[in-house]
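Order of appearance sets the numbers: ligands from 1, and atoms from 1 within every ligand. Computed from a prediction, not measured in an experiment: that's the story for all the values here.
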Amino acid sequence: MTIGFTLQLLGGPFHRRAPLEQQQPHAPRLSWDELSTSPRPRDCEPKQHLVFLKTHKTGSSTVVNLLHRFGEARGLRFALPHRYQLGYPLPFQERHIKGHRPGGAPYDILCHHMRFNLPEVQKVMQADSFYFSIVRDPAALAASAFSYYQAVVSAFRRAGTLGHFAAAPERYYDPAARGNHYARNLLWFDFGLPVPPASGTKADATVEAALAQLDRTFGLVLLTEHFDESLVLLQEALCWDEDDVATFPHNGRRALGPAMAPGLAAQLRAWNELDWQLYTHVNRSFWARVEAYGRERMARDVARLRGRRQELAEHCLAGGGPVPASRIGDPQLRPLQLGRAEILGYELRAGLGPAERRLCARMVTPELQYKDLLDRRQFGGNSTSDPT
Ligand SMILES: Nc1ncnc2c1ncn2[C@@H]1O[C@H](COP(=O)(O)OS(=O)(=O)O)[C@@H](OP(=O)(O)O)[C@H]1O
């Protein structure tokens, strides 16, 4: 199991892993024989030029984990932020990339929080980059954002509870107040789409044009609610191996409580009306993609991916699943805690060999710490993120 596991986790032939091995001069080197399972037969080349618009509270850190792993294992160059986010909430500018020189070599992967701004992204990324993102039902997204950002968003703070906020958001919400973009149409904001007039045909036309632009730019938009179907579509779109998209959920909350009441969900969707339009639009294209992929094939591949994740969880994780951050001894594996709910992370199983331990650790390293690691790889030094 050890060798097979080690082999599969980074998914792919030996030479694609060389950069990771190079960074770990004291790690035991695995021999060619140990690594030589046959790679998946391919009729396509794995995509390595990627733009992932990391939207907030959508499961995007889970997606970033697989991009971090893929990029690190292959020595790809990330467009990294100076600190933690790429200039957010300002529209992205090339100067938000650490160490960037205008006109310098394009990057392979861009995947940290930004407010999307296509012309500036195009300036720094490869022309053949694959653009993708992820969206979530605005009701669930609002609940997650409320829990996470309550202390820093005045509209949430003043409302006190999600129920109070949803019942009368206008009472608490001032669009000009700092941080209040988290409180309304956060997806629309993150996608950098133009805000339409309040109503009328001009409003409809603006929304339609914005969604058409989104379709032209993004090759795939994932759905949080159908994460595993999303990963299967992503694997196909990127021509990656299954283990490249096998990932544990990051940034989950402890004690979620009962499912959201339909009335509350309806209020939150109405308040986040632009996001609701975006979500329903993307939803339609998503299911058309699933249809084209084949429903049965999708069900089979989702089941296989879940089986593989389970296998990895049993192998890598103490207790086989997520644990509250307070129980995680290693600070490198402890996720950032913000807001009321405790954010969950993972402890590694005791007794893993050094190479396995490193690979398992990469799967559970939270976004901030992994970003720091990539930063040290690209720039050297001892950088640690300042999440503020
Ligand atoms: N695989 C998978 N499937 C379904 N849901 C998932 C998954 N991974 C993460 N999540 C949920 O996404 C929420 C965290 O989102 P982000 O990682 O985008 O947050 S952040 O903006 O980077 O802080 C957070 O939602 P809430 O728990 O509702 O707060 C996570 O539980």
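Between the choices Thr224, Leu336, Asn251, the shortest heavy-atom distance to atom 30 (C) of ligand 1 belongs to Asn251. Closest heavy-atom approach to atom 23 (O) of ligand 1 within the set Lys54, Glu367, His250, Lys57: this belongs to Lys57. Counting only non-hydrogen atoms, the option in Ala143, Ala145, Ser230, Ser61 that gets closest to atom 17 (O) of ligand 1 is Ser61.
Residue contacts with ligand 1: Tyr148 is included, with a non-hydrogen atom under 4.0 Å away. Distances shorter than 4.0 angstrom occur between a heavy atom of His113 and an atom of ligand 1.
If you check the side chains of Glu356 and His315, you find a donor sitting under 3.5 Å from an acceptor. Tyr346 and His250 are not linked by any side-chain donor-acceptor pair at a separation below 3.5 angstrom, with hydrogens and angles left out of the test.
Here's the thing with His56: none of its N/O atoms is less than 3.5 angstrom from an N/O atom of ligand 1. The N/O atoms of Gly59, backbone and side chain alike, include one that comes under 3.5 Å of an N/O atom in ligand 1.
For the atom pair Leu67 CG and Lys54 NZ, the distance stands at 10.5 Å (nearest 0.5 Å).
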Using atom types as modelled, flag every donor-acceptor pair under 3.5 Å from a side chain in residues 327-334 to any protein atom, sequence neighbours excluded.
{"residue": "Asp330", "atom": "OD1", "partner": "Gln332", "partner atom": "N", "Å": "2.8"}
{"residue": "Arg334", "atom": "NE", "partner": "Ile328", "partner atom": "O", "Å": "2.9"}
{"residue": "Arg334", "atom": "NH2", "partner": "Ile328", "partner atom": "O", "Å": "3.1"}
{"residue": "Arg334", "atom": "NH2", "partner": "Gly329", "partner atom": "O", "Å": "3.1"}

side-chain hydrogen bond (donor to acceptor under 3.5 Å, both in side chains) between Asp190 and His181, worked out: CA-CA 9 Å; Asp190 286 358; His181 61 276; 5.9 Å; no
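Interface of Arg253 with ligand 1, defined as ligand atoms under 4.0 Å from a residue heavy atom, comprises 26 (P), 27 (O), 28 (O), 29 (O). Near Ser60, with a cut-off below 4.0 Å to any heavy atom, the atoms of ligand 1 are 16 (P), 17 (O), 18 (O), 22 (O).
Residue-level proximity to ligand 1 for Thr55 is carried by the backbone, the only part with a heavy atom below 4.0 angstrom. Within the 4.0 Å heavy-atom criterion, the part of Arg136 lying near ligand 1 is the side chain and not the backbone.
Each salt bridge (Lys or Arg N to Asp or Glu O under 4.0 Å) pair with one or both residues in residues 135-145, not counting sequence neighbours, appears once here: Asp137-Arg269.
Using cut-offs of 30° and 60° for the angle between ring planes, the Tyr131 and Phe116 rings count as perpendicular. Relative ring orientation between Tyr88 and His113 is described as tilted, the plane-to-plane angle lying within the 30° to 60° band.
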